[in-house]
Number of protein chains: 2
Amino acid sequence: MELSDRKKRILRTVVDRYIQTAEPVGSKAVAESCGFQVSSATIRNEMVALEQMGLLEQPHTSAGRIPTPLGYRVYVNELMEQQRLSLEETEMINRALRSKVQQLDRIISEAGKLTSQLTNYPAYALTAKVKECTVERFAIVTIDAHTFILVAMLSDDSVKNKLVRLHYEIRADQLTRLGSVLNARFTGIGERDITPELIVSAERSIDDSLGLVAIAVGFTIEILTASRAHDSFLTGTSHLLDLPEFKDTDKAQKIIRYLSDDAELLKLPAPDAAGSARITIGPENLAEELKDSSVVVARYNVGDDMQGIIGVVGPTRMDYTQVSSKLAYIAQGLGWLLSGGFTLPGDE
Amino acid sequence: MELSDRKKRILRTVVDRYIQTAEPVGSKAVAESCGFQVSSATIRNEMVALEQMGLLEQPHTSAGRIPTPLGYRVYVNELMEQQRLSLEETEMINRALRSKVQQLDRIISEAGKLTSQLTNYPAYALTAKVKECTVERFAIVTIDAHTFILVAMLSDDSVKNKLVRLHYEIRADQLTRLGSVLNARFTGIGERDITPELIVSAERSIDDSLGLVAIAVGFTIEILTASRAHDSFLTGTSHLLDLPEFKDTDKAQKIIRYLSDDAELLKLPAPDAAGSARITIGPENLAEELKDSSVVVARYNVGDDMQGIIGVVGPTRMDYTQVSSKLAYIAQGLGWLLSGGFTLPGDE
DNA sequence: GTTTAGCACTCTTACTTCCCGAGTGCTAAA
DNA sequence: TTTAGCACTCGGGAAGTAAGAGTGCTAAAC
């Protein structure tokens, strides 16, 4: 498919304008738009050609043209110029990311919030474990004679904890022994390696009449099971209601409900490589609910064990340029922070 | 204000029906409704009286009546019977709560989700610290020569952690010393007690040429600052779009946007005592955005240091009976779980 | 051959008008 | 005090109308 320069320019103008206004774009508007020296009639002829190529369509006779999904695809692939984020924007993202990265568990949800704020579209964030998790290290913190906190550091660098309250008193040395047996026998192994025999043998080894091992192992299994599941977060759904394409509450509701379902989010397309953004337009989406919407996703990696996905959902008329730039930057920044250390590019 | 039995019964019928259908209730419908032996004309006369008392109103002449906010208030205060949750329902809540209480930090957000699911209205959850937090205990977990996790257990029983990666190598004994000085000097004190002098003296005491103390204390301050702030979660906003009163996207958007603002959520009314639910109807709300909506909130306490709030937002035509029962039960269950231990009433 | 101007045509959107029916308030009788 | 009957009111949906934007086509101009 070969497009003349003029056709490209017209297509780009139509897409840009339609992204902004959500109104079909007429030939006159295109002709008047930046620096065309030809009349609207000429534009009309070209637009007919673009329509026959399947890049534009008319919602009805005698309305302006709007891009088809294929038109958006061509725009995204060939016409869209990668937008440079301004210094202020990168600064802001850096600052926001850095201040959010206090607690490992929360980063992902915070990254989602940030994305939604910056793009003005709903954003979702997922974590996905590539490998099965194991506990790297247990720690026990005594609160009082009845109470302690069991802390587990997992192989994906996250930390889980549980407050344990017992009806009977426990001595410090019992907890110490519990800690050592947990660290000796239950670290570095996956959920399926925790057998009843292992538990019994561990209980014997410290003469565990109180059943502390059983409690701790129960918690461990809970954690490992939960960590196999994916975490997901959705924010900024109210942005959808801003858009004219969702002024019909039914549509908005369907899509928000769809996005609220963790299981569905997991099925969404993911980019192959970290850092870059992948764009899925309208009917390219497999899910029926998203046939009228577009999804932009970026991936980041944390070590080898874990990866995360941040995505933005909007109408096909999404501002692809802006969204994909910002998303890619955020994903990259996250990757740096999580696996690198404290500094982001641009920091001194 | 004295209401005859018949008037009470009529008011209750109107409110119940309007809650279900969202349509103005006519005299005929009331007359036919359960067991009235009088004609619609009699009902009409009574309804005029109720209207003059300010309990009912007509959206326009020749439509049925709908309750005024005052009408709802009377309904809530005098006519509503506390609904007993069914055994299945309490079982389900118990099960859901128990399985969620793995990780202290997440409980509150999970409780919000649960509430929203059970009531079919949007729910929000807040934590509020009554007292300033302190770190109870530090723990350091070594990952490799460049990396360790700093874990802090706070006085509110939550656990915070931070992955620290350095460009230079650190020895195990350096970390051990860091741990002891942190536990010796930085536990049990509030944010404002962390003075530069304290930091310098701590650094000297372990000959900290690597600046580890500075990093750890920086993290501590971050945590204490953040824990003073409130956490808030909002879920189930899509339920709003089900309701006819929010079929206008503008209204829905305004209220969702309002609820997404943490600062505003904090201003919402809170119940005085834990366990019971407080109901705020329409114009009783101070916020302009909520003048057409009602809020049901319940509070739970965790020890003396912390308390949390769970709230449900819906139209004035909210199913107060159902919502307040469930909310009270959930709040109660949470309180038990968080401060008591493992068992819920009804468990064996 | 390409571009332009002009014109008739189409289709949506917004606005007005009109009718229907549900539900009321009043009055008079039971 | 309750009931039946009746005229009246008003919102909502259907139908009809006018305006406007944008098109496709044709014929002339470059």
Side-chain angles (χ1 to χ4, degrees), chain A residues 2-11 13-18 20-33 35-68 71 244-245 247-249, chain B residues 2-11 13-15 17-18 20-33 35-68 71 244-245 247-250:
Chain A
E2 271 310 305
L3 284 177
S4 72
D5 265 9
R6 193 165 67 188
K7 283 201 181 61
K8 281 186 186 170
R9 213 160 130 198
I10 291 173
L11 177 58
T13 311
V14 171
V15 173
D16 281 339
R17 265 190 104 91
Y18 186 62
Q20 285 200 323
T21 63
E23 302 272 313
V25 184
S27 53
K28 202 171 150 202
V30 174
E32 282 167 2
S33 157
F36 276 109
Q37 297 299 342
V38 294
S39 78
S40 67
T42 314
I43 304 289
R44 278 207 285 282
N45 291 332
E46 294 280 47
M47 280 167 116
V48 172
L50 285 169
E51 186 165 4
Q52 278 164 358
M53 298 166 82
L55 302 180
L56 294 182
E57 67 180 338
Q58 301 179 276
H60 52 264
T61 349
S62 84
R65 304 297 206 291
I66 62 174
T68 62
E245 29 271 280
K247 73 171 194 295
D248 175 10
T249 334
Chain B
E2 271 310 306
L3 283 177
S4 72
D5 265 6
R6 193 165 67 187
K7 282 201 180 64
K8 281 186 186 172
R9 211 158 133 199
I10 292 173
L11 177 58
T13 310
V14 171
V15 173
R17 265 189 105 90
Y18 186 64
Q20 284 199 324
T21 63
E23 302 272 313
V25 184
S27 55
K28 204 173 151 202
V30 174
E32 281 167 3
S33 159
F36 275 109
Q37 297 299 342
V38 295
S39 77
S40 66
T42 313
I43 304 289
R44 278 207 285 284
N45 291 333
E46 295 281 47
M47 280 168 114
V48 172
L50 285 169
E51 186 165 3
Q52 278 163 356
M53 298 166 85
L55 302 180
L56 294 181
E57 66 181 336
Q58 301 179 274
H60 51 265
T61 348
S62 82
R65 304 297 207 290
I66 62 174
T68 62
E245 30 269 280
K247 74 171 193 295
D248 176 9
T249 332
D250 269 4

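Below, chains carry the letters A, B, ... as their sequence lines are ordered, and counting in each starts from 1.
Atom CD of A:Glu32 is separated from atom C1' of C:dT4 by 16 Å (rounded to the nearest Å). The distance between atom CD1 of B:Ile66 and atom C1' of D:dG11, rounded to the nearest whole Å, is 14 Å. Between the CD atom of A:Glu23 and the C1' atom of C:dT12 there is a distance of 11 Å, given to the nearest Å.
Checked by atom type and distance alone, the side chain of A:Thr68 pairs as donor or acceptor with a backbone atom of A:Gly54 at under 3.5 Å. Not a single donor-acceptor pair under 3.5 Å links the side chain of B:Ser40 to the backbone N or O of B:Ala31.
The two residues A:Ile43 and A:Ser27 have their closest heavy-atom pair at CG2-O, 4.1 Å. The nearest pair of heavy atoms linking A:Pro67 to A:Val15 is CG-CG2, 3.7 Å. Residue A:Tyr18 comes nearest to A:Val25 through the heavy atom pair N-CG2, 3.9 Å, listed as atom of the first residue, atom of the second, then distance. B:Val14 approaches B:Met47 most closely through the heavy-atom pair CG2-CE, 4.1 Å. Of all non-hydrogen atoms in B:Pro59 and B:Gly64, the two that sit nearest each other are CD-O, 3.4 Å.
The salt bridge (charged side-chain N to carboxylate O under 4.0 Å, His left out) test applied to A:Lys28 returns no partner, not counting sequence neighbours.
When the side-chain nitrogen and oxygen atoms of B:Arg6 are compared with OP1 and OP2 of D:dT1, none of them lie within a distance under 4.0 Å. OP1 and OP2 of D:dT2 both lie 4.0 Å or more from every side-chain N or O belonging to B:Thr42.
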Annotated protein contacts, base or backbone, on nucleotides 13-30 of chain C with a non-hydrogen cut-off under 4.0 Å, one of B, S, - each: ---------BBBB-----
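Remark: DNA chain C takes part in the stems C:1-30 with D:1-30, each of 3 or more antiparallel Watson-Crick or G-U pairs, criterion distances under 3.5 Å.
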